Protein chains: 2
Amino acid sequence: MMPEVVRQTAWRRDDVRERLAELVADLPDGARLPAERDLADTLLVSRTTVRQATQELVAVGRLARRHGSGTYVCGPKVTFLLEPGVRGTVVGPPEAVLKSCRVRHSSVPAVVTGQLRVPKGVGVLEVGRSWLVGDVPLCVESSYLLDRDSVVVSINGAPEGARSVDTAVEHRAATAAEADELLVRAGTPVFAVNRRYYDDTDNTVSVAVLVCRADRCSLLLRSALPR
Amino acid sequence: MMPEVVRQTAWRRDDVRERLAELVADLPDGARLPAERDLADTLLVSRTTVRQATQELVAVGRLARRHGSGTYVCGPKVTFLLEPGVRGTVVGPPEAVLKSCRVRHSSVPAVVTGQLRVPKGVGVLEVGRSWLVGDVPLCVESSYLLDRDSVVVSINGAPEGARSVDTAVEHRAATAAEADELLVRAGTPVFAVNRRYYDDTDNTVSVAVLVCRADRCSLLLRSALPR
DNA sequence: CAGTGGTCTAGACCACCAC
DNA sequence: TGGTGGTCTAGACCACTGT
C-alpha cells in the first residue's frame with residue numbers, strides 16, 4: 001500500500017534543475033541569472049519547465065526571484081539560535097537586525113488559551129519581536145508571559161521559575177496574517193517553532209511562537225545533557 | 001532595496017487553494033478529492049491552476065497525491081522526538097515503525113571528516129536507522145561514533161562521555177541519494193537535522209544526521225534548563 | 001518603454017492504478 | 001481499459017522594475 005513509486009523516466013525539469021544548480025554553484029551570491037525566456041531558448045525547453053525547475057531552487061532558498069527585475073543567487077540562510085535558557089536570537093552571517101521589540105499587556109489571546117493555563121481574565125504580557133535582513137522580515141516571534149514574571153529576564157531569557165522547555169518545529173503554510181507580516185504570499189512554507197517553558201510542577205510558564213521563512217532561515221538548537 | 005512587495009491582485013490560484021483548504025477541512029483523513037479535471041471544471045479554472053493550488057497544499061503535508069489513483073487528505077504528521085540524552089525517536093500518532101537499525105564498521109566517511117575529529121585510519125561505527133509509516137520511509141538517520149564508545153548506549157542514547165549537544169535544523173533539497181532512500185523525487189524539501197555530541201573539552205564525540213520529509217514530519221525537542 | 005517575472009489557458013501525451 | 005495524476009508545450013496577458 002502507498003508505494004509512492006520512484007520514477008524511472010528522466011524528466012526535463014530535473015535535468016534543468018540540475019543544470020541550473022551547477023550554473024548557480026559557480027556564481028557569487030547576488031548574481032543575476034539569465035531571463036527565463038532566454039534560459040528556455042538555451043536549454044531547448046518551454047518557459048514553463050524553466051519556471052518549475054527554478055521554483056524548486058527557490059523553495060529551498062538557493063534562488064530568489066524579484067518581479068520585474070530578475071532571478072538572483074541567494075546568500076547563506078539566516079541562522080536562528082535557540083538555546084534552552086534564552087529566547088530566540090539571530091546569529092550571522094548574513095546580518096539580521098532585530099527590527100522591533102514591543103511589550104504590551106493583553107488578556108489571554110486564543111493562541112495562549114489552553115497552552116498557558118491561567119484563569120480567565122488574568123492578564124499576560126505579549127512580547128513581539130521581528131528580525132529583518134535588509135528590509136525583508138524573515139522571522140517574527142510572539143511570547144506570552146505571566147504578569148508575575150520578571151519582564152527584564154523574560155524578553156530575552158527564560159522566564160523566572162522555568163525549569164525545562166519543549167520546542168516543537170513544524171513546516172507548514174503561512175497563514176494570511178503571517179504572510180502579511182513576512183511579505184510573502186499566503187501558503188508559503190514557513191517554520192513554526194512553538195516553545196513552551198515549564199516550571200517544576202510541569203505547569204506552562206510561558207509560550208513563544210516563532211514563525212520564520214523556511215526558504216531563508218535555518219535553526220540551531222543548543223542544549224546541555226543531563227548528568 | 002528588495003521590497004518583495006505584497007500583491008494587490010487576487011490570483012485564481014490563491015482562491016482555489018483556499019477553497020480546497022476549506023473543502024479538505026471538512027473531510028476525514030484519507031478521503032479522496034475529486035479528480036483534477038473535475039475540479040478544474042467545477043471551479044472554472046484550468047487544470048494547471050488546480051495543480052498549482054494543490055501543490056501548495058501538498059508541499060505542507062495537507063494533501064498527498066498518488067499517481068494513477070487520486071489526491072488524498074493527509075493525516076497528522078509524524079512527530080520526531082529529539083531529547084538531549086537520547087537519539088531520535090518517533091512518537092505517534094500516526095504510528096511509525098523503526099524499520100531497520102544496522103550497525104557496521106566504516107572508516108571515516110566524508111560526512112564525518114572535519115566534524116568528528118579522529119586521526120585518519122581510525123575506524124568509526126556507523127548506526128543507520130530508518131522509520132516507516134505504512135511502507136513509506138519518512139526518516140533516515142545515520143550516526144557516527146568512535147569505536148571506543150559503548151555501542152549499547154550509543155544506538156539509542158547519547159554516547160559515553162558526551163556532555164552537550166548542538167542540533168542544527170535546516171530546510172533544504174533532498175540529494176539524489178536521500179531522495180532514493182525516501183522514495184521522493186530529488187529536490188524535494190527535507191528537514192536535515194545535524195546533531196553533534198561534545199565532551200567536557202568540546203571535542204565532538206559523535207555525529208548524527210537525520211533526514212526526514214518536511215511534508216510529513218514535525219520535530220519535537222525537549223531540554224532541561226541550566227540551573 | 002523595454003525587459004523581466006507572475007499568472008493562466010487549452011491541449012497533448014505519458015505513466016500508473018484498479019477494476 | 002478507463003480514469004487518474006505527471007509532464008510539457010506555445011502562447012497570451014498582466015504587473016513590476018529600472019532606465
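Predicted model, so just to flag it, every value in this text is computed and none were measured. These values consider heavy atoms only, across backbone and side chains, with no hydrogens, waters or symmetry-generated copies.
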Quiz prompt | Sequence-distant partners of Ala40(A), side-chain contact (heavy atoms from CB on, under 4.5 Å), two or more places apart | solution = Arg47(A), Val50(A)
Quiz item: Residues two or more places apart in sequence or in another chain: which of them pass side-chain contact (heavy atoms from CB on, under 4.5 Å) with Tyr72(A)?
Solution: Arg32(A), Arg66(A), Ser69(A)
Quiz item: Expressed in angstrom and rounded to an integer, what is the separation of Tyr72(B) atom OH from dG5(D) atom C1'?
Solution: 10 Å
Quiz prompt | Counterpart residues, side chain to side chain donor-acceptor pair (under 3.5 Å), relative to Thr175(B) (two or more places apart) | solution = Glu178(B)
Self-check item: Distance in angstrom units between Leu39(A) CG and dC8(D) C1', rounded
Solution: 17 Å
Self-check item: side-chain hydrogen bond (donor to acceptor under 3.5 Å, both in side chains) contacts touching residues 20-30 of chain B (sequence neighbours left out)
Solution: none
Please enumerate all protein N or O atoms sitting under 3.5 Å from an N or O of nucleotides 1-4 of chain C, with distances to 0.1 Å.
from, atom 1, to, atom 2, distance (Å)
dG3(C), N2, Gly68(A), O, 2.8

Self-check item: Residues forming a side-chain contact (heavy atoms from CB on, under 4.5 Å) with Ser142(B), sequence neighbours excluded
Solution: Glu126(B), Tyr144(B)
Practice problem: Write down the distance between CD (Gln55(A)) and P (dC8(D)), rounded to a whole number of angstrom. | Solution: 15 Å
Quiz item: Sequence neighbours excluded, which residues qualify as salt bridge (Lys or Arg N to Asp or Glu O under 4.0 Å) partners of Arg51(A)?
Solution: Glu36(A)
Quiz item: So does Arg65(A) get a side-chain nitrogen or oxygen closer than 4.0 Å to the phosphate oxygens (OP1/OP2) of dG6(C)?
Solution: yes
Quiz prompt | Bracket notation of DNA chain C in which parentheses pair within the strand, [ ] cross earlier pairs, and | pairs with another strand (Watson-Crick or G-U, under 3.5 Å) | solution = ||||||||||||||||||.
Self-check item: Short side-chain N/O contact from Arg185(B) to OP1 or OP2 of dT7(D), under 4.0 Å
Solution: yes
Quiz item: Gln52(A) and Arg17(A): side-chain donor and acceptor closer than 3.5 Å?
Solution: no
Practice problem: Grab the CZ-P distance between Arg17(A) and dG6(D) for me, whole Å please. | Solution: 16 Å
Quiz prompt | Test side-chain contact (heavy atoms from CB on, under 4.5 Å) applied to Arg19(A) - qualifying residues, sequence neighbours left out | solution = Asp15(A), Leu43(A)
Self-check item: Contacts of type salt bridge (Lys or Arg N to Asp or Glu O under 4.0 Å), residue Arg195(B), not counting sequence neighbours
Solution: none
Self-check item: SB check Arg62(A) Glu56(A) (cutoff 4.0 Å)
Solution: no
Exercise. Using atom CH2 of Trp11(B) as one end and atom P of dC13(D) as the other, report the distance to the nearest whole Å.
Key: 15 Å
Practice problem: Write down the distance between CG (Leu183(B)) and C1' (dC16(C)), rounded to a whole number of angstrom. | Solution: 16 Å
Quiz item: Quick one: side chain to side chain donor-acceptor pair (under 3.5 Å) partners of Thr49(A), sequence neighbours excluded?
Solution: Ser46(A)
Quiz item: With sugar-phosphate meaning primed atoms plus P, OP1 and OP2, does Arg13(A) contact a base, only sugar-phosphate, or nothing at under 4.0 Å between heavy atoms?
Solution: sugar-phosphate
Short heteroatom pairs, N/O only, protein and nucleotides 9-11 of chain C, under 3.5 Å:
from, atom 1, to, atom 2, distance (Å)
dT9(C), OP1, Arg12(B), NH1, 2.6
dT9(C), OP2, Ser46(B), N, 2.8
dT9(C), OP2, Ser46(B), OG, 2.6
dT9(C), OP2, Thr49(B), OG1, 2.4
dA10(C), N6, Thr48(B), OG1, 3.3

